[in-house]
Amino acid sequence: MSADEQHTQSGAQKGRRRRYDARLANEIEPKWQERWDAAGTYRQGNPGDAGFDARKPKFYGLDMFPYPSGAGLHVGHPEGYIGTDILCRFKRMTGHNVLHPMGWDAYGLPAEQYAIQTGVHPAITTKTAIDTYRRQLKRFGFCYDWSREFATTDPKYYRWTQWIFLQIYNAWFDPSANDGAGAARPIAELIAACAAGSLEIGPEGEPVAAGTDGARVWSALDADAQREVIDGQRLAYIGEQLVNWCPKLGTVLANEEVIDGRSERGGFPVHRKPLKQWLFRITKYSDRLIAALDTIDWPSSTRTQQTEWIGRSEGADIDFALNDAPAEFGASLRVFTTRPDTIFGATYMVVAPEHPLVDAVLQASGNDGLREYVGEARNRSDRERQESKKKTGVPLGVTARNPATEKDVPVWVADYVLMGYGHGAIMAVPGQDQRDWDFARTFDLEIVRTVQPEDGFDGNAYLGEGPAMNSGFLDGLNVDDAKRRAIEWLTDSGLGRSRVTYRLRDWLFSRQRYWGEPFPIVWDEDGHHHAVGETTLPVVLPDMEDFKPVESDEPQPTLAKARDWVVTTAGEAGVSGLPADAPVRRETNTMPGWAGSCWYFLRYCDPNNSERLVSEEAERYWMGEAGIDLYIGGSEHAVLHLLYARFWHKVLFDLGHVSTPEPFAKLFHQGMITSWAYQRDDKSLVPIDEVDSDAEGRKHTERATGAAVTRIMAKMSKSLRNVTNPDEIIEGYGADTLRLYEMYMGPLADQKPWNTDDINGMFRFLQRAWRLCVDENTGELRVAKKADAEVERLLHRTIAAVGTDIQKLAFNTAIARMIEFVNRAGSNESKITADQMNRFARLLSPFVPHFTQELWARANEDGFIAQAAWPEFDEAMLKDDEVSMVVQVNGKVRGQVTVASAADKATIESAALQADGIPARLEGLTVRKVIVVPGRLVSIVAN
RNA sequence: GGCGGAGUGGCGGAAUCGGCAGACGCGCUGGAUUCAAAAUCCAGUUCUCGCAAGAGAGUGAGGGUUCGAGUCCCUCCUCCGCUACCA
């Protein structure tokens, strides 16, 4: 028997259904959803629209929009959405204009992978997935303004994604702007400043103040050199980088998309490969991205993760003079260190296998051992490098002079040094660095301690505090002073300088895949890139029959196969500065999946604007002073999406297109909903349908092997087959019950185990609430004539507590308070008055909108309960006239005393000393002290 | 290894400032209703001893501060999440 049948058997009378059961829920929920839709109940106008009340404060409540996959929603997905929905409904009832939108993040690798596997075009699979998601989400009765819905794959949307790319492309980072913090400015201003002579071009091709030593004036550069300078300053630029190349996916990936040397999507091996790619100069924003974290209300763990991802390290660059190095490399080797104070302990040096010194040495000498090692190291994937922490390396046959000790130290090549960080070269100080220690031990290199370890220290490298030793002029200084002194000495002697390094790299933005936004860029016959004209946007993704990538060791963008699309003319593409008939080829890379999600929250403010990405007025109103009021989504986006979106927003802010420096004023991560899974002894997981359990549910065995497995909690996943589909739960209980259950499981931020049995509790609660209001024999409302004073008092308290809890996102305790109200009011023979019912329904409505709407209608109230005002409460009703207090004797509860709540301490004390049973307890004892905490307890100390 | 979070009944979880630990829900036990079951309703339900009144113990372990500690301090253990050869 299905849950549905069980619940409805006795209530399945003809005509108007009288009991609250699954059938009734599934009847009223779609009914009201249709009426809300038809009436536009959750439509929210913009400033200037008819009926828009500009005096109301705004509330922008945003969910991280989903990436629709073929599998549909599971019950974990809507958890955060239910939370935002409740808060947005509350805000609407408390007099706010509420922007609460939903849309689809639809470009990206998973959709394309799925399309390739099934042979169905990603445009079709994506549309199907979106339709499924929309249907499922609508069934929850969320108060989204669906008129603002869009997908990132809509040309009308990605037109502006491309437009933003062009703004970034046509911008440079002026380090002197913004009081020295630096800011993006239009590249036209840079060209104008150079042409006017207020900026000149430094030796590295960078703009410098006019008159700087060694600088050239703009007019002295030929057109190509000028172009090179400008292209070298763009915030979106072509750079050759060691990139993460994934042959299986046929694309390069951002560092953030590579986990343990494998692709985040699919888990395929990733190799490092030098490639020309589009990059964003996000590193220029490192300090601003760190500093602004203090201005926003985000979980501290997420702020910490972003800070560490950016990874600012203060230290020094030091140049070590090389002996016997190939002349073409130069005379010195530059390293970065965070511990310049330990330079006296630098007993050897290490360069990365990709370091230019290695190539120079290989060219100069036929060192076979070196060639072999470097070849192997370069071909090893990052994963292989990391799998074994065993140190490997070979000597380069070159030495360097340690400028502090004036001793020559050997230079090694080893793959524990990474080319991508610092200068790809280190001074190794085994005494103070564990990796160097391990390496020195492996190859029997000298170890010198330069910091005196604490007494009793018996480890290897010592990283702690202590006075410098074996360090000449630094001896005796603590670590911080020694660092400072060492940098002074390096600077004075011209051997080095203080320097800040970041772990963050420039953001690799191009992909070789089909399912993404095309770049608004064309290439001319000389190999120069040009922006397409803004009026020709969007550059529409061509519809390709053959969208399969070429699995290969060499990148081959899928779009290159769309020959008719690729080949065009400058005129066609709206390129300025080229003859209209000049042949150009379109950029065949596409943008990564992150592009669309970097600014979608702006588009919701004004989704149909065809003139601008968002109107200034709508942006200013909805983003307000500080940005989005509440953004809820999973913590897995702590560094990727949330960092990229902040970066785009800051560029747009600098260029004057948005009015807030940060997009998300308050961020909240909902916890994961977990489910049972089974684990073998080796920690590998077993799907739940391959396990048998005994009657008590204590012993579990894997069917195939008969081996015992342990029951654990794990993420819901298709492969473990422990996924619950919300459609089934709604069928068996209704969406209102599911909404309540997910909010009642525990604190929104916590990880929580799914337990279908627990849903009954919420279902019964709604049944009791229904019975409190509706006569099950007639279906009519049952209304008391006279209010019970206790129930009235409790209602005021419940309203106060629920309002507070909703704003704290403490929905579990809010629901508990409402259950208490129903339990108490329901045990009262006379039930509740029409007025009490009205207030109670409004109180409950953010949680169970359909249920309360139905009560609202049965009470013949006009309009929709969602548009009613939040019920008020009277402060005076929150206090009792009398309070019952506990009396403790020597820390143990020994009695109770009831006093007027206004009673003073002396009155309470004397009442407590005479309370039932207390005088007997105190017999033969001397009262030493009496502590009175009004309203709580009296503590008597006696001996 | 680093960073972050958490340990409370059989289970999920409550507990403003340190103030009656276990709200609320599940499950379980007993009862009502029923030919019977399901559903529903009522009562009970931290553990130990006790017929009971009651007494004692109790928030991962150990110590400390306090009239009073789940909450604050110290030492340790366990689990989870993120991250990782970043010089």
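The analysis underlying the following values was restricted to heavy atoms, covering all of them including side chains, and did not include hydrogens, waters or symmetry mates. These numbers were taken from a predicted model, which means no experiment stands behind them.
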From the set [options], return the single nucleotide nearest to any side-chain atom of [X].
X: A/Q896; options: B/G13, B/C26, B/C20; result: B/C20
X: A/R771; options: B/C41, B/C67, B/G12; result: B/C41
X: A/W309; options: B/A84, B/U40, B/A23; result: B/A84
X: A/A816; options: B/A23, B/G19, B/C41; result: B/A23
X: A/T813; options: B/G12, B/G4, B/A14; result: B/A14
X: A/V941; options: B/G25, B/G19, B/C67; result: B/C67
X: A/T337; options: B/C3, B/A87, B/G19; result: B/A87
X: A/R764; options: B/G25, B/U40, B/A84; result: B/U40
X: A/P753; options: B/C3, B/U16, B/G12; result: B/G12
X: A/Q751; options: B/G27, B/G4, B/G81; result: B/G81

Atom pair distance, as rounded to whole Å: [atom1] in [X] and [atom2] in [N]:
X: A/N760; N: B/C41; atom1: CG; atom2: P; answer: 11 Å
X: A/D805; N: B/C24; atom1: CG; atom2: P; answer: 15 Å
X: A/Y416; N: B/A84; atom1: OH; atom2: C1'; answer: 17 Å

Original post:
Between atom NE2 of A/H355 and atom CG of A/L333, what is the distance when rounded to the nearest 0.5 Å?
Top reply: 5.0 Å
Subject >> NZ/NE/NH1/NH2 to OD/OE distance under 4.0 Å, A/R312 and A/D287 >> reply: yes
Original post:
Between A/R23 and A/D21, does at least one N-O distance fall below 4.0 Å, as a salt bridge requires?
Top reply: no
**OP:** Could you work out the separation of B/A6 and B/U66 based on their C1' atoms and round it to a whole Å?
**Re:** 27 Å
**OP:** Could you work out the separation of B/G4 and B/G18 based on their P atoms and round it to a whole Å?
**Re:** 23 Å
Original post:
A/W754 and A/Y741: aromatic ring centres closer than 6.0 Å?
Top reply: yes
Subject >> Helical stems, RNA chain B - three or more consecutive Watson-Crick or G-U wobble pairs below 3.5 Å >> reply: B:1-7 with B:77-83, B:10-12 with B:24-26, B:27-32 with B:40-45, B:46-49 with B:54-57, B:60-64 with B:72-76
Original post:
If only side-chain N and O atoms of A/R894 are considered, is one of them under 4.0 Å from the OP1 or OP2 phosphate oxygen of B/G54?
Top reply: no
Subject >> Distance under 6.0 Å and angle within 45° of ring axis: A/R503 vs A/W309 >> reply: yes
Subject >> Stacked cation flag A/K391 on A/F439, 6.0 angstrom / 45 deg >> reply: no
Original post:
Do you know which two heavy atoms are closest between A/G734 and A/A25, and how far apart they sit?
Top reply: CA-CB, 3.9 Å
**OP:** By nearest nucleotide on RNA chain B, pick out whichever of A/M885 and A/Y421 is the more 5' one.
**Re:** A/M885
**OP:** For A/P747 and for A/V933, locate the closest nucleotide of RNA chain B by heavy-atom distance; then report the residue assigned to the nucleotide nearer the 5' terminus.
**Re:** A/P747
